[in-house]
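As structure tokens, the structure follows; a few thoughts come after it.
Worth knowing before you read on, the calculation uses all heavy atoms, side chains too, and leaves out hydrogens, waters and symmetry mates.
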Amino acid sequence: MKKIVLLALGIMFLAGSVSAYQVNIYAPDTLTVGLPLVVNGTATFGIGTPIDVVLYQQVTTSTEIERKVAYIQSDSTFRVIFDTTLLPKGIYKVEVPASGTGDSISMRQVRLVDRSDEISLTSPTTQVSSGRMYIDGKIGVDANSGVQIEVIGPDNGIIFGPKYVGTDSQGGFDVTIPVSQTGDYEASFTDDSGYVGSRTISIIGENETVAPETTATTGTILSAYGRSSRDNPAYFIVQPAGDGPVTVSTSASVDWVVEYVDADGNLQTVNDQGENAPEVVVVNGDARPLYFKVYPYKYSVNAVVYLNAANADSVEVSPTVPGVFGTNPPPDKTTTKSPLAASGSVAAVCLAAACMYLRRR
């Protein structure tokens, strides 16, 4: 009889011990795609006990994305980190399956949001090594609120920032960063609402080929860049390959105006797209170089513009104003005297003559 009682007490003790196990996990309710999903937890299991932590995507059913094993630490905590870089936005959950009882919280729901489309870069994502890297673009933020930029180099070290860079009234920004080696650089962007996204910028050697960034035309696309404003436009020289028309385009996010001289020697002006798309010009080329003048439509803008050319042997910034554009100021800056100003001058002369006549008398 005593053995039966002791056995029953032992079973009750074990049951009580099992029910005492607690597992609680913690994860953010909302996270931007690209940031690490950190899952922290506590458990009453023994030190070193392995625990499965699973990330599921929830659509109509739960689909397992990744499973990781965590181990209980001496302070009864555990942690796992999931990479969200390639995950689509949506609803997910992290869970420790079949662990803990009672008041345990073994599942958390996480909503992944994707803000990467709020960034548009006008600078090329592949740049030839020159000791500097240019990051120019536009971010969908409030006017003049700025954007925080951080750049990680090929050796995983931080080479810039985190630092806030000012934005203009259209959300445009530009920054020049010294670089000392070729390779892939990751630039991440954060605004007042949190992390927005990142872009990879590749710095290549002078003898490497720059891969085309668009597929609108065939062949390699060459680029050059320069700072431009209405008072100081950027001038470019494009050397055609000589076997067909040359397609020239500007960077986007700024409303650019392009002037060039066509095959008949006539000065042409192109401003069709506004700030949301690049200006595109197709010019019949031969062995002679083509000259382009690029400046912003708005007088308040001072930004870097990139000129891209397909079916060309070279693209470069002209150090001087090409003769085809002359040296006269643009028509909208030419000042002329109004008739009122002229008549005022005549009246002043007449008044002076009258005064001299009265003095002599």
Side-chain angles (χ1 to χ4, degrees), residues 30-35 84-85 88-89 111-127 132-152 158-179 185-203 213-214 216 223-234 249-258 270-280 294-308:
T30 304
L31 186 72
T32 302
V33 171
L35 287 180
T84 67
T85 303
K89 63 182 180 180
R111 183 169 67 92
L112 291 184
V113 297
D114 187 0
R115 301 183 59 201
S116 60
D117 59 355
E118 296 180 24
I119 305 172
S120 60
L121 292 187
T122 56
S123 52
T125 55
T126 300
Q127 302 178 19
R132 294 172 294 179
M133 177 172 63
Y134 298 91
I135 303 179
D136 312 304
K138 184 178 180 181
I139 187 168
V141 297
D142 294 334
N144 304 310
S145 63
V147 58
Q148 179 179 283
I149 301 177
E150 181 180 49
V151 179
I152 298 176
I158 298 176
I159 68 164
F160 181 83
K163 181 179 179 180
Y164 261 93
V165 175
T167 54
D168 59 26
S169 59
Q170 303 298 318
F173 61 88
D174 64 89
V175 62
T176 302
I177 302 171
V179 294
Y185 293 77
E186 181 178 348
S188 60
F189 304 86
T190 303
D191 63 10
D192 292 341
S193 300
Y195 179 78
V196 180
S198 64
R199 295 289 187 273
T200 299
I201 300 175
S202 299
I203 303 297
E213 295 192 16
T214 64
S223 298
Y225 51 84
R227 183 166 292 277
S228 176
S229 65
R230 289 298 291 258
D231 292 329
N232 294 289
S249 63
T250 66
S251 47
S253 84
V254 170
D255 186 3
W256 295 112
V257 181
V258 180
V270 177
N271 180 229
D272 300 327
Q273 299 301 324
E275 63 184 26
N276 295 322
E279 298 292 340
V280 179
V294 185
Y295 53 89
Y297 180 78
K298 295 181 179 179
Y299 283 92
S300 59
V301 174
N302 185 330
V304 173
V305 59
Y306 288 79
L307 194 77
N308 312 303

(message) Just checking Tyr164: does its OH atom have more than 12 heavy atoms from other residues, nucleotides or ligands closer to it than 6.0 angstrom?
(response)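 More than 12 within 6.0 Å, yes.
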
Which atom pair, heavy atoms only, marks the closest approach of [X] to [Y]?
X      : Y      : answer
Ile159 : Pro178 : CD1-O, 4.3 Å
Lys298 : Gln170 : NZ-NE2, 3.4 Å
Asp168 : Gly172 : OD1-N, 2.7 Å
Trp256 : Val304 : CZ2-O, 3.7 Å
Lys138 : Phe173 : N-CE2, 3.5 Å
Asn308 : Ser223 : OD1-OG, 2.5 Å

Determine yes or no for a side-chain-to-main-chain donor-acceptor pair under 3.5 angstrom, with [X] supplying the side chain and [Y] the backbone.
X      : Y      : result
Thr84  : Gly34  : yes
Arg199 : Ile119 : yes
Ser202 : Thr126 : no
Thr167 : Gly146 : yes
Ser228 : Val294 : yes
Gln127 : Tyr134 : yes

Distance from [X] atom [atom1] to [Y] atom [atom2], nearest 0.5 Å?
X      : Y      : atom1 : atom2 : result
Glu150 : Phe189 : CD    : CZ    : 11.0 Å
Leu35  : Thr30  : CG    : OG1   : 12.0 Å
Thr32  : Arg111 : OG1   : CZ    : 9.5 Å
Thr250 : Tyr306 : OG1   : OH    : 13.0 Å
Ile135 : Ser123 : CD1   : OG    : 6.5 Å
Ser198 : Ile152 : OG    : CD1   : 9.0 Å

(message) So, using ring-ring contact (aromatic ring centres under 6.0 Å, His included) as the criterion, who are the partners of Phe160 when residues are at least two apart?
(response)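 Once residues adjacent in sequence are excluded, Phe160 has no partner under the ring-ring contact (aromatic ring centres under 6.0 Å, His included) criterion.
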
Non-hydrogen side-chain atoms of [X] and [Y] separated by less than 4.5 Å:
X      : Y      : result
Val254 : Val305 : no
Asp191 : Arg115 : yes
Asp255 : Asn271 : yes
Leu31  : Tyr195 : no
Lys163 : Val175 : no

(message) Arg227: which residues meet the side chain to side chain donor-acceptor pair (under 3.5 Å) condition with it, sequence neighbours left out?
(response)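 Once residues adjacent in sequence are excluded, the partners of Arg227 under the side chain to side chain donor-acceptor pair (under 3.5 Å) criterion are Asp174, Asn302.
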
(message) If we count only N and O atoms by modelled type, under 3.5 Å, do the side chains of Asp231 and Ser229 hold a donor and an acceptor together?
(response)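 Absent: no donor and acceptor within the cut-off.
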
(message) Just to verify, what does Gln273 make a side-chain contact (heavy atoms from CB on, under 4.5 Å) with, not counting sequence neighbours?
(response)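 With neighbours one apart ignored, the set is Ala277, Glu279.
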
